[in-house]
Amino acid sequence: MTAQDKQHGMKNYMEDLVHDKLPKVLKSMPQICDCERCRMDMSAYALNNLPQKYVVTQLGTVYAKVNVIQMQFDVDVTRAVTDAVMQISQNPRHDS
């Protein structure tokens, strides 16, 4: 493993997209609980319903970001996050 490999590591870039989109979706739904447990459950639900986008190098990150620009990809992420918010809000696992 080179120093560059250690610096960059491996990452599912989709996690960044979901974590960026979730607060935006929740902001439009103020009646939905946004406690940390619910947000984590929502993120996990959305990520389990989206394809993985693993990147290893800085170039891979740039390539993944270019793909994100595509309108359909953004729609898919928004749909998965919105569905996750609705599912988790109907079945929250947090303490009341």
Side-chain angles (χ1 to χ4, degrees):
M1 183 178 296
T2 68
Q4 186 176 9
D5 291 337
K6 290 178 184 177
Q7 179 183 3
H8 296 290
M10 187 177 347
K11 176 175 182 58
N12 180 0
Y13 186 67
M14 193 63 73
E15 290 181 36
D16 290 343
L17 299 178
V18 168
H19 292 298
D20 180 58
K21 186 66 73 176
L22 183 59
K24 294 172 185 172
V25 171
L26 286 171
K27 187 175 182 179
S28 70
M29 304 171 150
Q31 72 281 10
I32 302 294
C33 178
D34 69 343
C35 73
E36 184 173 356
R37 176 62 189 244
C38 286
R39 282 184 282 126
M40 294 298 288
D41 285 346
M42 291 168 188
S43 293
Y45 187 97
L47 286 166
N48 282 327
N49 287 289
L50 288 165
Q52 301 85 16
K53 295 289 183 192
Y54 282 98
V55 294
V56 176
T57 66
Q58 193 168 13
L59 178 61
T61 302
V62 171
Y63 178 75
K65 288 181 181 180
V66 168
N67 283 335
V68 169
I69 294 171
Q70 297 174 1
M71 177 83 83
Q72 185 60 49
F73 196 69
D74 187 56
V75 169
D76 292 344
V77 172
T78 301
R79 183 181 313 134
V81 169
T82 302
D83 186 40
V85 168
M86 299 309 296
Q87 290 295 322
I88 301 304
S89 68
Q90 292 174 8
N91 302 293
R93 296 187 315 147
H94 62 257
D95 294 331
S96 297

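Note that CE of Met86 and CE of Met42 are 9.5 Å apart. Values are rounded to the nearest 0.5 Å. Expressed to the nearest 0.5 Å, how far CG of Leu47 lies from NZ of Lys53 amounts to 13.0 Å. Separating the CG atom in Asp76 from the CZ atom in Arg79 is a distance of 5.5 Å, to the nearest 0.5 Å. Put simply, NE2 on His94 and SG on Cys38 are 4.5 Å apart, with the number rounded to the nearest 0.5 Å. In this structure, CG in Leu22 is found 13.5 Å from NZ in Lys27, a value given to the nearest 0.5 Å.
Comment: Asp20 engages Lys24 in a salt bridge, judged by a side-chain N to carboxylate O separation of less than 4.0 angstrom.
Around CE of Met40, the count of heavy atoms belonging to other residues, nucleotides or ligands within 6.0 Å does not exceed 12.
Of all heavy-atom pairs spanning Cys33 and Leu26, the tightest one is O-CD2, 4.4 Å. Minimum interatomic distance between Met14 and Val77 (heavy atoms only, all atoms of both residues): SD-CG2, 3.9 Å.
Of the options Val25, Leu17, Val18, a side-chain contact (heavy atoms from CB on, under 4.5 Å) to Lys21 is made by Val25 and by none of the others.
Screening residues 29-47 for side chain to side chain donor-acceptor pair (under 3.5 Å), with sequence neighbours left out, gives Arg37-Asp41, Asp41-Arg93.
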